[in-house]
Amino acid sequence: MKKLLYYTLLITFVSCTTPSPENYIQYIDGYWEIERVVLSDGTEKKYNFNQSIDFFEIKDSIGIRKKVQPRLDGSFITTNDSELFTLKIEDDSLRMYYKTSLSSWKETIISAKENQITIKNEAGNVYFYKPYQKIKL
């Protein structure tokens with residue numbers, strides 16, 4: 001009986017503390033910079049400075065991702081290049097599906113909150129993003 005109670009409490013705790021992938025969407029919009037990457041072989045690469053950052057914007061499950069370069073005055077250098085993606089919830093995960101004239105691929109948002117987004121690509125590399133902070137001199 002104690003085991004049954006223990007497992008019931010454990011399942012209740014896990015299900016209550018596991019965020020729904022739908023809740024991640026609210027945190028994606030904005031300017032994000034890569035903090036570190038854990039490659040599929042376990043190797044970790046840290047980024048102390050990023051020349052370019054990612055800008056995400058989502059409207060009605062359709063998103064755009066652009067690389068931008070911050071300037072000292074707080075503005076950004078942008079190009080016309082951007083990637084469109086569609087958000088879909090599959091297998092209790094939030095996926096970003098990209099399609100260009102040359103390729104198509106998907107990424108999985110492992111977690112997203114106010115101060116960090118974690119994205120895994122198809123190669124198994126996991127990217128940890130932090131919100132972009134304006135350069136202060």
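Quick caveat, the model's predicted, so the values are computed rather than measured. Sequence positions, counted from 1, serve as the residue numbers for this chain.
- Using a 4.5 Å cut-off between side-chain heavy atoms of Ile, Leu, Val, Met, Phe, Trp and Tyr, with links allowed through other members, Y127 and F56 fall into the same hydrophobic cluster.
- Looking at every heavy atom in both residues, S40 comes nearest to A123 through CB-O, 3.3 Å.
- Not one N or O on the side chain of Y129 forms a donor-acceptor pair closer than 3.5 Å with the backbone of A112.
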Take E35 and Q116 through the side-chain contact (heavy atoms from CB on, under 4.5 Å) test and state the conclusion after the steps. CA-CA 9 Å; E35 185 173 30; Q116 187 179 60; 3.8 Å; yes
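- Interatomic distance, Y97 OH to S61 OG, rounded to the nearest 0.5 Å: 13.0 Å.
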Run the ring pair (Phe, Tyr, Trp, His ring centres under 6.0 Å) check on F76 and Y31 step by step: do they pass? CA-CA 11 Å; F76 297 96; Y31 295 90; 4.4 Å; yes
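- The backbone N or O of Y27 sits nowhere less than 3.5 Å from a side-chain atom of K113 that would complete a donor-acceptor pair.
- To the nearest 0.5 angstrom, I58 atom CD1 is 6.5 Å from I25 atom CD1.
- Under the 4.0 Å criterion applied to side-chain N and carboxylate O atoms, K67 and D54 are assigned as salt-bridge partners.
- Interatomic distance, D41 CG to N125 CG, rounded to the nearest 0.5 Å: 8.0 Å.
- Using a 4.5 Å cut-off on side-chain heavy atoms (C-beta onward), N121 and W105 make no contact.
- Atom CD of Q133 and atom CD1 of I53 lie 10.0 Å apart (nearest 0.5 Å).
- Between T79 and K66 the shortest heavy-atom distance is O-NZ, 2.8 Å.
- Once rounded to the nearest 0.5 Å, the distance linking NZ of K106 with CD of E122 reads 6.5 Å.
- In the hydrophobic clustering of ILVMFWY residues, with side-chain heavy atoms under 4.5 Å counting as a link, I64 and I119 come out apart.
- Summarising the geometry of S75 relative to D73, their closest heavy-atom pair is OG-OD1, 2.5 Å, with the distance given to 0.1 Å.
- R95 has its side chain out of reach of I109: every pair of non-hydrogen atoms, C-beta onward, lies at least 4.5 Å apart.
- At a cut-off of 3.5 Å, with distance as the only test, no side-chain donor of S93 or D91 sits close to an acceptor on the other residue.
- Residues F55 and Y98 do not share a hydrophobic cluster, clusters being chains of Ile/Leu/Val/Met/Phe/Trp/Tyr side chains in contact below 4.5 Å.
- The two atoms that bring P21 and D92 nearest to each other are CG-O, 3.2 Å, heavy atoms only.
- Counting all heavy atoms, side chain and backbone alike, Y24 lies closest to I28 at O-CG1, 3.5 Å.
- When all heavy atoms of Y47 and R36 are compared, the pair lying nearest together is CD1-CA, 4.1 Å.
- Residue S52 holds its OG atom at 6.5 Å from CG of N50, rounded to the nearest 0.5 Å.
- Hydrophobic clustering of Ile, Leu, Val, Met, Phe, Trp and Tyr side chains at less than 4.5 Å, counting indirect connections, unites W32 with I34.
- The neighbour count for E44 CD, taken as heavy atoms of other residues, nucleotides or ligands under 6.0 Å away, is above 12.
- Cluster annotation: M96 and L94 are assigned to the same hydrophobic cluster (Ile/Leu/Val/Met/Phe/Trp/Tyr, side-chain heavy-atom contacts under 4.5 Å, transitive).
- With contacts defined as side-chain heavy-atom distances shorter than 4.5 Å, the pair E107/R65 qualifies.
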